[in-house]
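Order of listing sets the numbers, starting from 1, for every ligand and every atom in it. These numbers were taken from a predicted model, which means no experiment stands behind them.
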Amino acid sequence: MKITNEKNDIESVLFSEEMIKTRVAELGAELTRRYEGQEPVVTCILKGASFFYTDLCRQIKCPIHMDFIAVSSYGKDARSSGVVKLVKDLDNNITGKDLIIVEDIIDSGLTLKYLRELLESRKPRSIITVCLLDKYECHPAECAPDMKGFDIENQFVVGYGLDYADYYRNLPYIGVLKRECYT
Ligand code: IMP
Ligand code: MG
């Protein structure tokens, strides 16, 4: 099927703009409490986490530093290749810093495992992962994020930063992509 009208390709809306906004505010409030008196480095994993990241940062009411990292994406596959490649590194030295890694979604857990190990090797003072969506059935428990927005079942979702073949990122909600759009 050719990708035509973005809305027509969505089977159902899982999380509306309103639901996302409410949950992001809750996560921001929790991070504000947790990092009171500190200056965490909040790191965005490009590109999928971009909207979640900018919304979340605005809900953290203590001083933060922003940085960005990019890893290779799925391309046109709806499943992870298992090989994660660093495409863009952080600009800042994180040694001794409190690091918050912000990710869009965890599937197999490979992306976050790779990044966590890479960044831990630089000896930050602390490190946590915050993920908007968790496909909790798809990875071992030890790959679970420290904080998450929502659990979801094993289905392919797009919108609010999440893509298929770089489409659908700018949908303001998160929806399930019709199977015929990616098979
Ligand atoms: P993992 O390495 O298998 O955990 O895959 C995580 C990455 O795959 C995320 O950062 C997303 O870019 C992408 N991904 C996994 N599931 C989905 C999905 O349902 N929709 C869009 N992207 C996804
Ligand atoms: Mg991603």
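- Against a heavy-atom cut-off of under 4.0 Å, Leu110 is close to the following atoms of ligand 1: 2 (O), 4 (O).
- Atom NZ of Lys88 has more than 12 heavy atoms from other residues, nucleotides or ligands within 6.0 Å.
- Proximity to Asp104 (heavy-atom distance under 4.0 Å) selects the following atoms of ligand 1: 9 (C), 10 (O), 11 (C), 12 (O).
- Minimum heavy-atom separation, Thr32 to Ile60: OG1-CA, 3.5 Å.
- Of all atoms in ligand 1, numbered sequentially from 1 with element shown, those under 4.0 Å from a heavy atom of Glu103 are 9 (C), 10 (O).
- Taking a cut-off of under 4.0 Å to the non-hydrogen atoms of Ile105, the atoms of ligand 1 that pass are 6 (C), 9 (C), 10 (O), 11 (C), 14 (N), 15 (C), 16 (N), 17 (C), 18 (C), 19 (O), 23 (C).
- Ligand-side atoms of ligand 1 in range of Leu162: 21 (C), 22 (N), range being under 4.0 angstrom from any heavy atom.
- Between the NZ atom of Lys21 and the OG atom of Ser16 there is a distance of 11.0 Å, given to the nearest 0.5 Å.
- Under the 4.0 angstrom criterion for non-hydrogen atoms, Gly48 is not in contact with ligand 1.
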| message | Under the criterion side-chain contact (heavy atoms from CB on, under 4.5 Å), I'd like the reasoning laid out for Ile69 against Leu119: C-alpha separation, chi angles, the key distance, then a yes or no. | response | CA-CA 11 Å; Ile69 197 164; Leu119 298 177; 4.2 Å; yes
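- Of the heavy atoms in Thr111, both backbone and side-chain atoms come closer than 4.0 Å to ligand 1.
- Around CZ of Arg179, the count of heavy atoms belonging to other residues, nucleotides or ligands within 6.0 Å does not exceed 12.
- A salt bridge is absent between Arg33 and Glu30; no separation between the charged side-chain nitrogens and carboxylate oxygens falls under 4.0 Å.
- The local environment of CD in Glu36 is sparse, with at most 12 non-hydrogen atoms from other residues, nucleotides or ligands closer than 6.0 Å.
- In terms of N/O distances under 3.5 Å, ligand 1 is approached by Val157.
- No donor-acceptor contact under 3.5 angstrom links the side chains of Tyr164 and Asp9, judged on distance only.
- Not a single heavy atom of Lys113 lies less than 4.0 angstrom from ligand 1.
- Close approach of ligand 1 to Gly109 is summarised as follows: ligand atoms under 4.0 Å from at least one heavy atom of the residue are 1 (P), 3 (O), 4 (O).
- Residue contact check: Asp163 has heavy atoms under 4.0 Å from atoms 21 (C), 22 (N) of ligand 1.
- Interface of Lys135 with ligand 1, defined as ligand atoms under 4.0 Å from a residue heavy atom, comprises 16 (N), 17 (C), 18 (C), 19 (O).
- Two residues are said to be in side-chain contact when any heavy atoms from C-beta on lie closer than 4.5 Å; Ile128 and Arg34 meet this criterion.
- Under the 4.0 angstrom criterion for non-hydrogen atoms, Gln155 is in contact with ligand 1.
- Distances from atom 1 (P) of ligand 1 to the heavy atoms of Cys138, Cys131, Ser108, Gly161 show the closest one on Ser108.
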